2 protein chains.
Amino acid sequence: MESFQEAHLLAGETCSGRLTPETCSVTRTLAFVGSKWTPLVIFRLRSGPRRYGELLQLLPGISPKTLADRLQTLEAEGLLTRTVHPDKPPRVEYALTGRGRGLSDILDAIADWAVA
Amino acid sequence: MESFQEAHLLAGETCSGRLTPETCSVTRTLAFVGSKWTPLVIFRLRSGPRRYGELLQLLPGISPKTLADRLQTLEAEGLLTRTVHPDKPPRVEYALTGRGRGLSDILDAIADWAVA
DNA sequence: CCGTATCCCTACCGATACTG
DNA sequence: CAGTATCGGTAGGGATACGG
């Protein structure tokens, strides 16, 4: 039990000493997963790879800048892959990684918790 | 499977139609759980009820205003209870609700995912 | 088609001082 | 002790126009 604490200790974070937002892996995770549109982007990629333009349509109201930002962040965090196909016109596909699917399972748990 | 989708449908949210940040229960949850210090406040309450001043000490670097704001939000969301004991000097205790513990279990899952 | 560049705005968050 | 009041900085996010 107290796995929240254990997980932090595993990550080399000190619980009895200082535990700040900057050293907390949960805070860090929520900081980018919690940014606007990010859960919906992940959700839209669960059914398979999607192109930039497709995502723009599937997420009515998002701006191109915001979508690009979310995709870059998620790629940097290793949650999705960006694949450029050498076609004309250019074709770019985004797909969840295994790690991204792992996070989407947690989003499932949150959805269940929220409606319960 | 696809419980992320199912959970949204359960909540009366339309997946095939419009799914915006404003109508997404996951986005809404992460919007306040993801705010700075919130996970750590929850973490500090897992071991039992705490007083305002105790939390202030247990969370080095947090400002009284921010702590008060987090506690009020968490109370409004039903994640903790605020109990005023009629003592002199005044004594106020905060304790996680069952729902709050449910969310802290999800934070556990996030911590595990983050270090894996 | 797939993004970037630019501008702006506001909502979050922190520091500090003060009160019931 | 347990907060509120006030002020100010900053980073996130949106609208729009433009570039490779």
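Computed from a predicted structure; not experimentally measured. In the text below, chain A, chain B and the rest are named by the order of the sequence lines, each starting its count at 1.
- Within 4.0 Å of Lys65(B), counting heavy atoms only, lies at least one base atom of the nucleic acid.
- dA2(D) atom P lies 8 Å from atom OH of Tyr94(B), rounded to whole Å.
- The side-chain hydrogen bond (donor to acceptor under 3.5 Å, both in side chains) with Tyr94(A) is formed by just one residue from the set Arg50(A), Arg82(A), Glu75(A); it is Arg82(A).
- When each of Glu54(B) and Gly61(A) is assigned the nucleotide of DNA chain D with its nearest heavy atom, Glu54(B) is the one assigned upstream, toward the 5' end.
- Taking for each of Val92(A) and Ile62(B) the nucleotide of DNA chain C with the nearest heavy atom, the 5'-most of the two is the partner of Val92(A).
- The CG-C1' distance, from Asp69(B) to dC13(C), rounds to 9 Å in whole Å.
- Taking every side-chain heavy atom of Ala68(B) into account, dG3(D) is the closest of dT4(C), dG20(C), dG3(D).
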Run Leu103(B) and Trp113(A) through side-chain contact (heavy atoms from CB on, under 4.5 Å) and show every step you take. CA-CA 7 Å; Leu103(B) 183 58; Trp113(A) 173 88; 3.8 Å; yes

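- Distance Gln72(B) CD to dC13(C) P: 14 Å, rounded to the nearest Å.
- dC1(D) atom C1' lies 13 Å from atom CG of Leu55(B), rounded to whole Å.
- When each of Arg82(A) and Lys36(B) is assigned the nucleotide of DNA chain C bearing its nearest heavy atom, the one mapping closer to the 5' terminus is Arg82(A).
- Rounded to an integer number of Å, the gap from CG of Leu59(B) to C1' of dC13(C) is 15 Å.
- Residues Arg44(A) and Leu19(B) have side chains in contact (heavy-atom distance under 4.5 Å, counting atoms from C-beta outward).
- Whole-Å rounding puts the Leu67(B) CG to dA2(D) C1' distance at 10 Å.
- For the side-chain contact (heavy atoms from CB on, under 4.5 Å) with Leu71(B), the lone residue among Leu80(B), Thr38(B), Val92(B) that qualifies is Leu80(B).
- Over its full length, the helix from dC1(C)-dG20(D) to dG20(C)-dC1(D) turns its helical axis through 50°, comparing axes from the five pairs at each end and rounding to 10°.
- Across dC1(D), dG14(C), dG3(D), the shortest atom-to-atom separation from the side chain of Trp37(B) is found for dG14(C).
- A close approach under 4.0 Å does occur between a side-chain nitrogen or oxygen of Arg51(B) and OP1 or OP2 of dA2(D).
- The side chain of Arg70(B) approaches dC13(C) more closely than any other nucleotide in the set dC13(C), dC1(D), dC1(C).
- Residues passing the salt bridge (charged side-chain N to carboxylate O under 4.0 Å, His left out) test with Asp105(B) are Arg46(B), sequence neighbours excluded.
- Side-chain nitrogen and oxygen atoms of Thr66(A) include at least one within less than 4.0 Å of the OP1 or OP2 phosphate oxygen of dG14(D).
- Side-chain contact between Leu67(B) and Tyr52(B) is present, with at least one heavy-atom pair separated by less than 4.5 Å.
- In this structure, Leu30(B) places its CG atom 12 Å from P of dG13(D), rounding to the nearest Å.
- Leu56(A) places its CG atom 11 Å from the P atom of dC1(C), with the value rounded to the nearest Å.
- A heavy-atom distance below 4.5 Å is not found between the side chains of Thr29(A) and Val26(A).
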